[in-house]
Protein chains: 2
Amino acid sequence: MIAVQLDGGAVSVVRRPKPRRRPGEALIRLLCGGICNTDIELKRGYYGFSGTPGHEFVGEVVACDEPAWVGKRVTGGINVGCGACERCLRGLERHCATRTVLGIVQRPGAFSEYFTLPVRNLHEIPAGLATETAVFAEPVAAACEILEQVKIPRGTAVAVLGDGKLGLVVAQVLAARGACIDLYGRHEEKMALVAGPRIAARSSNQRGNSTYEYVVEATGSAGGLREAVAMTRPRGKVILKSTVHEAVTLDMAPVIVNEITLVGSRCGRMEEALRLLARGAVRVEPLISARYGLSEAVRAFARAEEKGVVKVLLEGA
Amino acid sequence: MIAVQLDGGAVSVVRRPKPRRRPGEALIRLLCGGICNTDIELKRGYYGFSGTPGHEFVGEVVACDEPAWVGKRVTGGINVGCGACERCLRGLERHCATRTVLGIVQRPGAFSEYFTLPVRNLHEIPAGLATETAVFAEPVAAACEILEQVKIPRGTAVAVLGDGKLGLVVAQVLAARGACIDLYGRHEEKMALVAGPRIAARSSNQRGNSTYEYVVEATGSAGGLREAVAMTRPRGKVILKSTVHEAVTLDMAPVIVNEITLVGSRCGRMEEALRLLARGAVRVEPLISARYGLSEAVRAFARAEEKGVVKVLLEGA
């Protein structure tokens, strides 16, 4: 089979044997994968990653201990916990200290003809939901995570900073759940993809001070985090949605004096994401900038790094 | 009358006329004041402060539009809001954008024979509560603020970092409300002042990683904040209780990956503080290192900056 391989900053497509599934795991054939900013960062050598990336996927189960799954279209939770520790038993597998993470930590990813995941991680794609739409389940789940951590009353004005892939998904998810979004970015053409009655595109230089009760930081930059703090009202909350890959130098005095809460936020649950996608509450098709076959992964990664590009998909063989 | 004056890093005691009270304000005679770390930082020139400090106090009302207050022993909320904005109307005067703050922002402080505060800020000291105990109401209220922002279930292990004045008060308040405190500091003799069945003194080098659901940062240092994050479990909370007067360089990746929440926390409500002090749930007398008369403020400030000293009180004339 073929698989994408990242090594020392370079992408290649390699041939290797099909993976063997372990007990409790399903063997999955890739139908469609999505390139995420994390994949680009892994390629650039953050975390010293070497291996096969890919954690946004839709695949078909081809082998499994439980025959009912075979032939099903699935996506899956990307964190594989030990299943036995206190965090796993509390339903927080995604925080298990010894977890593997599909395509990120100690587990080959989905940008491969075949890959494996435990059956307990799988989620069936509803019949009416297109594969290219369902492949957004992972980032939509990450956006849903915000609402699991923070209660945002309906009708509340929320600032979302960043008009990249994640910012555009976060804006839509929060709008679908009743918030009124001011989306701050530098790319009018990207923000236009999601603008609507509940999402207003704002220019980065329109930011005010102490304006919002809730600000979502999705720029991935240290500057974005500082601006998010400045835009937040006393007793308000900043949700840290994108990982900043540099040490951030932050003046904590306004955080303390204004009693601002900073909430780190990562992966979410797939169920709610698939529900939102199935009922059309989040429109992800306009975010697809390009499609490539798995064998064209080198070009696909190059395209994903170009300015103005949103989501690049990798289609299975 | 005499008053303490800070200017360009120097403390002096000056003579000046009694302040005139404005409508709605009470004229208060100082009975006892407490020197706080903020006062020391103001003296050192943070914020470019110049004027009379002092925000921990017990005084006697000597003049007031409402005769019932005259002769009463009082302490007071230190934030004076405009009373008309949305925040003031929601009961968040302490976040009013145009507030003055006693002895800190645009309002002469309590280290003065006489000073003024609006009557609505006053809290009567219960009859059985000693003046020297009640003078701790402000820092105890600041500790109570944590419990207004974060629900800590009874019996939960909480780490408090820092064995300064604030850390020792925070440890006691949280213990009084049912938490089991691990108090981390460098001064065994300070921690011994509050150690007991619910408060265990720990050495700074006993810190473990990802151990606590709740960590209170009360060291006032950038290093303390970094350590607090490292000690917090996934989905746990760090309460930022002391202001760090330098830009903090922080790796935000663990905050995001472990979905840690950082909660800025400042002043609290006096009512609960006075209740805790009145029922002896917080023992503050052992924290008193020295007492000086107001006219000896220069020596008092020097003493408050000495190693091993906890609380220094200034007694009214």
Side-chain angles (χ1 to χ4, degrees), chain A residues 41 46-47 79 86-87 90 92-97 99 101 104-105 142 145-146 148-150 209-210 217 220-222 224-226 229 232-268, chain B residues 41 46-47 79 86-87 90 92-97 99 101 104-105 142 145-146 148-150 209-210 217 220-222 224-226 229 232-268:
Chain A
E41 289 162 357
Y46 300 140
Y47 314 111
N79 294 279
E86 174 242 346
R87 290 177 202 159
R90 278 165 60 206
L92 284 176
E93 271 209 329
R94 54 200 196 275
H95 288 295
C96 171
R99 72 187 176 276
V101 186
I104 300 174
V105 181
E145 179 73 352
I146 296 169
E148 188 168 312
Q149 296 177 283
V150 174
N209 277 335
S210 300
E217 201 297 304
S221 72
L225 175 52
R226 286 189 287 265
V229 169
T232 304
R233 299 166 61 156
R235 289 272 185 117
K237 291 187 162 73
V238 176
I239 297 100
L240 310 173
K241 198 62 238 182
S242 60
T243 311
V244 179
H245 286 283
E246 48 186 319
V248 177
T249 301
L250 196 60
D251 178 5
M252 297 304 286
V255 175
I256 294 160
V257 171
N258 294 327
E259 298 194 313
I260 290 172
T261 296
L262 309 180
V263 183
S265 180
R266 198 173 44 111
C267 300
Chain B
E41 288 161 356
Y46 300 140
Y47 314 110
N79 294 280
E86 172 242 348
R87 290 176 201 160
R90 277 165 60 206
L92 284 176
E93 269 208 331
R94 55 201 195 273
H95 288 295
C96 171
R99 70 185 177 277
V101 186
I104 300 175
V105 181
E145 178 74 351
I146 296 170
E148 188 167 313
Q149 297 176 283
V150 173
N209 277 334
S210 299
E217 201 299 302
S221 72
L225 176 51
R226 286 189 286 266
V229 169
T232 305
R233 299 168 58 158
R235 289 273 185 115
K237 291 187 161 74
V238 176
I239 297 100
L240 310 174
K241 198 62 239 182
S242 61
T243 310
V244 179
H245 287 284
E246 49 184 321
V248 176
T249 302
L250 197 59
D251 178 5
M252 296 304 286
V255 175
I256 294 160
V257 170
N258 294 327
E259 298 194 314
I260 290 171
T261 295
L262 309 180
V263 183
S265 180
R266 198 173 45 112
C267 298

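Residue numbering restarts at 1 for every chain, and letters A, B, ... go by the order of the sequence lines.
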Checklist line | Residue selection (most heavy-atom pairs with chain B, distance under 4.5 Å) from A/Lys241, A/Lys237, A/Glu145 | finding: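 With the most close heavy-atom pairs to chain B, the winner is A/Glu145.
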Next item on the list: For each of A/Val255, A/Asp251, A/Thr249, A/Leu262, tally heavy-atom pairs with chain B at distances under 4.5 Å, and name the one with the top tally.
Entry: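 Top option by heavy-atom pairs under 4.5 Å: A/Leu262.
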Notebook entry, point to check: Among B/Val238, B/Ile260, B/Val257, which residue forms the greatest number of heavy-atom pairs with chain A at distances under 4.5 Å?
Noted result: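 Sorted descending by pairs with chain A, the first entry is B/Val257.
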Item checked: Contact leader toward chain A among B/Asn258, B/Val248, B/Ile239, where contacts are heavy-atom pairs under 4.5 Å ->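 Ranked by contacts with chain A, first place is B/Val248.
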Checklist line | With sequence neighbours excluded, residues passing side chain to side chain donor-acceptor pair (under 3.5 Å) with B/Thr232 | finding: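 Scan of B/Thr232 (side chain to side chain donor-acceptor pair (under 3.5 Å), adjacent residues dropped) gives none.
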Check: So which heavy atom on A/Ser210 is nearest to which on B/Arg87, and how close?
Finding: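 It is O-NH2, 4.0 Å.
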Note to self: Contact between A/Leu250 and B/Leu250 at the side-chain level, heavy atoms closer than 4.5 Å - yes or no?
What the structure shows: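 Answer no - side chains too far apart.
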Checklist line | Heavy-atom side-chain contact between A/Arg235 and B/Arg90 under 4.5 Å | finding: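 Not touching, per the 4.5 Å side-chain cut-off.
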Note to self: Let me confirm one number: the CZ-CD distance from A/Arg94 to B/Glu259, rounded to the nearest 0.5 Å.
What the structure shows: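 So the gap between those two atoms works out to 6.0 Å.
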Margin query: Please classify the contact of A/Leu225 with chain B as side chain, backbone, both or neither, using a heavy-atom distance under 4.5 Å.
Written below: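 It is the side chain, since no backbone atom gets that close.
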Notebook entry, point to check: In terms of heavy-atom proximity below 4.5 Å to chain A, should B/Leu92 be classed as side chain, backbone, both, or neither?
Noted result: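 Side chain only.
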Next item on the list: Return the set of residues passing side chain to side chain contact (heavy atoms under 4.5 Å, CB included) with B/Ile256 (not counting sequence neighbours), or none when no residue passes.
Entry: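 Listed in chain order: A/Leu240, A/Thr243, B/Met252.
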